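Take a look at the following structure, please.
Reminder, nothing fancy here: chain letters follow the sequence lines and each chain counts from 1. Note that the coordinates shown come from a computational prediction; the quantities given were computed from them, not determined experimentally.
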Amino acid sequence: MRWSQYFLYTLREDPADADVISQKLMMRAGMLRKVAAGIYTYLPLGLRSTQKMERIVREEMNRAGAVELLMPTIQPAELWQESKRWQLYGKELLRIRDRHDRDFVYAPTAEEVITDTVRDAVSSYRQLPINLYQIQTKFRDEVRPRFGLMRGREFTMKDAYSFHASDDSLNETYEAMREAYSRVFHRCALDHVRVEADTGAIGGSASHEFMVLAQSGEDAVVSCPNCKYGANIEKATSSFFMDEPEPAPAKLQEIHTPGTQSIDDVGRFLGKPTSQLVKTLVFDTDQGCVMVLVRGDREGNIIKIKNHLGAEWIEMMPDSRFQEATGGPVGYCGPVGTKAKRVLADVSLKGRKNWVVGGNKRDTHLGGANPGRDFPEPEWGDFTTVFAGDPCPRCRTPLEIYRGIEVGHIFKLGTKYSEPMNCTYLDEKGERQPMIMGCYGLGIGRTVAAAVEQSHDDNGIIWPMPIAPFEVVVTQLGREDNVRSTAEDVYRKLLEAGVDVLLDDRDERPGVKFKDADLVGFPLRIAVGAKSLAGGQIEWSWRRDRAKQLGAPGEVIARVIEAVSVRTG
RNA sequence: CGGGGCAUAGCUCAGCCUGGUUAGAGCGCACGGUUCGGGACCGUGAGGUCGGUGGUUCAAAUCCACUUGCCCCGACCA
């Protein structure tokens with residue numbers, strides 16, 4: 001491709017509404033254009049990178065035995081009503097209506113349609129297992145889209161769905177997908193980790209996330225530097241527990257604590273570290289008011305609490321309803337005499353005696369409160385978020401916390417969709433069974449953006465070879481006949497060798513061309529100019545270190561072809 | 001959904017507080033000239049419903065109300 005005939009225009013300045021590096025650089029490099037909040041045009045250069053990403057994903061999915069198909073983005077409401085997600089999904093689900101007033105959704109994922117497809121076609125265990133995938137545009141009406149391709153509303157995702165007659169079969173496919181994902185990210189040269197994850201709205205029994213480590217990541221990942229333990233912060237546990245000796249049970253007594261609404265206030269007032277106090281969190285859920293007791297210096301984990309309760313929805317109790325729901329004022333609430341429907345307590349409090357808790361009365365706390373004596377024994381469980389330094393649940397090594405971008409997520413769904421949607425088969429005994437399912441998502445655009453987050457410098461993007469829009473740019477410096485004909489010749493020979501090469505034949509000054517080449521981030525650059533050509537040489541360099549090497553055209557061409565083939569794999 | 005901010009040339013932004021000639025700059029674009037290995041310089045020029053609607057006023061980019069879009073913080077989130 002010749003730059004002069006291509007559609008590639010760079011921006012000198014950062015766009016005003018870009019907020020992360022990958023978005024700024026991709027917009028400046030002429031890869032991406034914002035059309036509306038969270039909705040982008042992939043310009044030709046951006047399209048090339050995402051298509052390369054897609055090709056890698058296809059190769060690895062096919063290698064792992066998955067079969068590609070393509071499902072519609074617009075899906076009838078009936079299917080979503082069957083799975084109950086029409087009601088459960090909330091506002092992220094974009095609902096649209098056609099001219100006949102029939103309800104549809106712009107699909108954020110495709111469990112319903114694939115299940116519908118498979119239940120029609122498959123009726124015997126002999127036809128299983130099946131693993132189907134697509135690479136398709138999805139839409140999620142995010143409350144607050146941001147970070148460019150990393151959290152768009154419209155996005156491209158590879159989603160795969162597998163169907164099985166046994167857990168063993170599901171596990172086998174799950175492993176194959178896990179392996180395929182690792183290969184994909186490895187091929188893109190992405191520094192990533194695989195961690196245990198919460199299953200969230202998709203549901204199911206087990207799930208893992210693939211995270212690309214990056215400062216700008218939206219998720220926190222807990223990882224053990226010693227054993228291989230890794231988990232999303234929402235899910236991570238530690239073997240943290242109280243091991244200080246506790247005195248004998250004391251008498252329950254009121255303490256006057258005026259103006260101490262926060263746990264820090266109480267600690268300061270009583271002259272005790274917050275770790276010796278008990279923090280009370282109150283949630284409003286579909287099961288009524290729930291109180292959660294945690295150690296004063298720990299943070300509650302709403303996902304763990306929601307999962308323990310089996311709740312459909314949960315949120316912090318609004319101040320307006322607080323008094324009515326708990327029987328006490330905000331800031332002084334506690335388990336003794338509370339009106340909350342259920343009381344949970346974090347394991348970090350297990351075995352502790354003489355709690356300091358809110359008194360459910362203005363300016364009043366209680367000391368010497370003991371579970372089982374002064375208030376009913378709470379439901380015990382792990383309800384707090386892991387902190388850096390907590391001991392690993394497997395090997396007790398202090399845990400570390402990193403930020404990461406979730407680029408893939410795989411789930412063991414079980415029969416969550418096959419049962420309500422009646423996707424069944426006949427087993428060897430002729431008995432009807434629901435199929436056991438798995439699903440496997442991989443964000444295409446997000447992975448490309450993650451690569452940029454992980455690989456750039458002050459001058460622009462540094463593309464990993466496999467997803468670079470072009471592998472090589474040939475920069476023609478000047479219009480002298482020999483410069484032009486040499487650049488042309490180099491360009492043609494690279495093309496013939498199957499190299500993805502862009503010839504910068506624009507009528508621009510050298511500085512402009514170099515700056516653009518750095519910004520766009522072509523992994524390799526060949527510069528053809530009158531200076532070096534006078535000595536019969538041209539120059540080539542890697543974008544990563546920009547160290548210039550000179551050689552005769554034939555030699556440089558050979559070395560570049562070799563470099564491309566090695567790096568592409 | 002709560003709180004805050006922004007909307008002026010293709011892009012990045014001044015001007016608004018304190019209303020008053022033909023609304024500005026840099027970059028980009030066009031033309032001419034000098035340049036030509038790391039975003040050159042000089043000159044000339046094109047380019048604007050000042051997001052929209054309504055109001056106040058002799059007069060509105062500027063003040064007021066409403067509205068739309070976008071951004072940030074929070075809540076939320078396969």
Side-chain angles (χ1 to χ4, degrees), chain A residues 9-20 23-24 27-28 30 33-39 85 88-93 107-111 138-148 150-153 155 157-161 197-204 207-210 218-219 232 234 284 302-303 306 313-316 318-320 406-411 413 416-417 439-443 446 458-460 475-480 483 504 506-519 525 527-534 537-539 541 546 548 550:
Chain A
Y9 301 93
T10 58
L11 269 44
R12 189 179 287 219
E13 288 170 281
D14 283 341
D17 52 7
D19 38 21
V20 285
Q23 185 187 14
K24 282 179 187 166
M27 289 176 82
R28 280 189 58 200
R33 198 180 99 89
K34 181 148 93 174
V35 176
I39 298 175
R85 287 209 292 183
L88 294 179
Y89 213 99
K91 290 191 179 168
E92 272 78 47
L93 184 62
T109 172
E111 281 82 4
K138 308 277 191 299
F139 195 93
R140 270 182 217 159
D141 203 357
E142 297 281 357
V143 195
R144 183 141 95 86
R146 54 186 144 176
F147 302 155
M150 279 163 55
R151 195 170 188 67
R153 289 195 290 175
F155 56 98
M157 179 170 115
K158 185 284 301 175
D159 45 327
Y161 307 88
D198 185 72
T199 50
I202 293 256
S207 110
H208 286 89
E209 284 171 341
F210 289 79
E218 285 195 274
D219 293 283
N232 189 301
E234 292 173 351
D284 196 11
I302 198 164
I303 305 285
K306 183 181 176 189
W313 63 269
I314 182 167
E315 59 185 36
M316 295 293 288
D319 287 2
S320 56
E406 178 194 348
V407 287
H409 201 159
I410 60 179
F411 299 79
L413 288 176
K416 183 179 159 93
Y417 294 91
C439 81
Y440 318 93
L442 192 158
R446 192 182 270 194
D458 291 346
N459 299 299
T475 306
Q476 175 190 313
L477 305 169
R479 276 146 293 171
E480 294 86 346
V483 168
D504 189 354
R506 292 175 301 166
D507 186 13
E508 287 287 354
R509 299 168 60 85
V512 172
K513 294 190 175 195
F514 288 142
K515 288 288 183 191
D516 274 344
D518 284 351
L519 176 59
R525 185 184 81 193
V528 181
K531 267 189 193 170
S532 49
L533 211 50
Q537 292 187 310
I538 61 175
E539 168 197 301
S541 59
R546 301 205 291 175
K548 297 167 183 171
L550 287 166

Integer angstrom distance from the P of A46(B) to that of C41(B):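 One P to the other, the span is 22 Å.
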Pairing partner of G54(B) (Watson-Crick or G-U wobble, both distances under 3.5 Å):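 The base-pairing partner of G54(B), which may sit in any strand shown, is C64(B).
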Pair of N/O donor and acceptor under 3.5 Å linking G10(B) base with Arg33(A) side chain: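 Under the 3.5 Å cut-off, the side chain and the base do not form any donor-acceptor pair.
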Arg509(A) side-chain N/O to A40(B) phosphate OP1/OP2 under 4.0 Å: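 Answer yes for this pair, as a side-chain N or O of Arg509(A) is under 4.0 Å from OP1 or OP2.
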Watson-Crick or G-U wobble partner of C6(B), both distances under 3.5 Å: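 Pairing partner, where one exists within any strand: G69(B).
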Distance, C1' atom - from C27(B) to U57(B), rounded to whole angstrom: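 About 38 Å, rounded to a whole number of Å.
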Who pairs with G32(B) - Watson-Crick or G-U, where each distance is under 3.5 Å: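 Per the H-bond distance test, C42(B).
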Donor-acceptor pair under 3.5 Å, Glu13(A) side chain vs G26(B) base: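 It does, because a donor-acceptor pair links the side chain of Glu13(A) to the base of G26(B) below 3.5 Å.
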Nearest-angstrom distance, C1' atom, C71(B) to G26(B):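 Approximately 23 Å lies between the C1' atom of C71(B) and that of G26(B).
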Nearest-Å distance once atom C1' is located in both G69(B) and C50(B):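 The answer is 16 Å between these two C1' atoms.
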Ser541(A) side chain to Glu539(A) side chain, donor-acceptor N/O pair below 3.5 angstrom: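 Looking only at side-chain atoms, Glu539(A) and Ser541(A) do not form any donor-acceptor pair under 3.5 Å.
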Nearest heavy-atom neighbours spanning Arg153(A) and Phe155(A):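 Heavy atoms of Arg153(A) and Phe155(A) come nearest at O-CD2, 3.1 Å.
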Nearest-angstrom distance, C1' atom, C6(B) to U62(B):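 It comes out at 16 Å once rounded to the nearest Å.
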Short side-chain donor-acceptor distance under 3.5 Å, Arg85(A) and Tyr417(A):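 Side chains of Tyr417(A) and Arg85(A): pair found under 3.5 Å.
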Separation of the P atoms in A61(B) and A9(B), to the nearest angstrom: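 Straight-line distance between the two P atoms is 15 Å.
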Check: Thr475(A) side chain, G37(B) base, donor-acceptor under 3.5 Å: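 Result: no qualifying N/O pair found.
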Phosphate-side-chain proximity, Arg146(A) and C71(B), N/O vs OP1/OP2 below 4.0 Å: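 The answer is no; no side-chain N or O of Arg146(A) sits under 4.0 Å from OP1 or OP2.
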Closest-nucleotide ordering on RNA chain B, the 5'-leading residue of Gly441(A) and Ala37(A):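 It is Ala37(A), whose closest nucleotide lies nearer the 5' terminus.
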Phosphate OP1/OP2 of C71(B): any Lys34(A) side-chain N/O under 4.0 Å: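 Yes, because at least one side-chain N or O of Lys34(A) sits under 4.0 Å from OP1 or OP2 of C71(B).
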Span that lies between the C1' atom of A40(B) and that of G24(B), in whole angstrom: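 It comes out at 25 Å once rounded to the nearest Å.
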Contact nearer the 5' end of RNA chain B, comparing Phe147(A) with Lys91(A):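 The residue mapped nearer the 5' terminus is Lys91(A).
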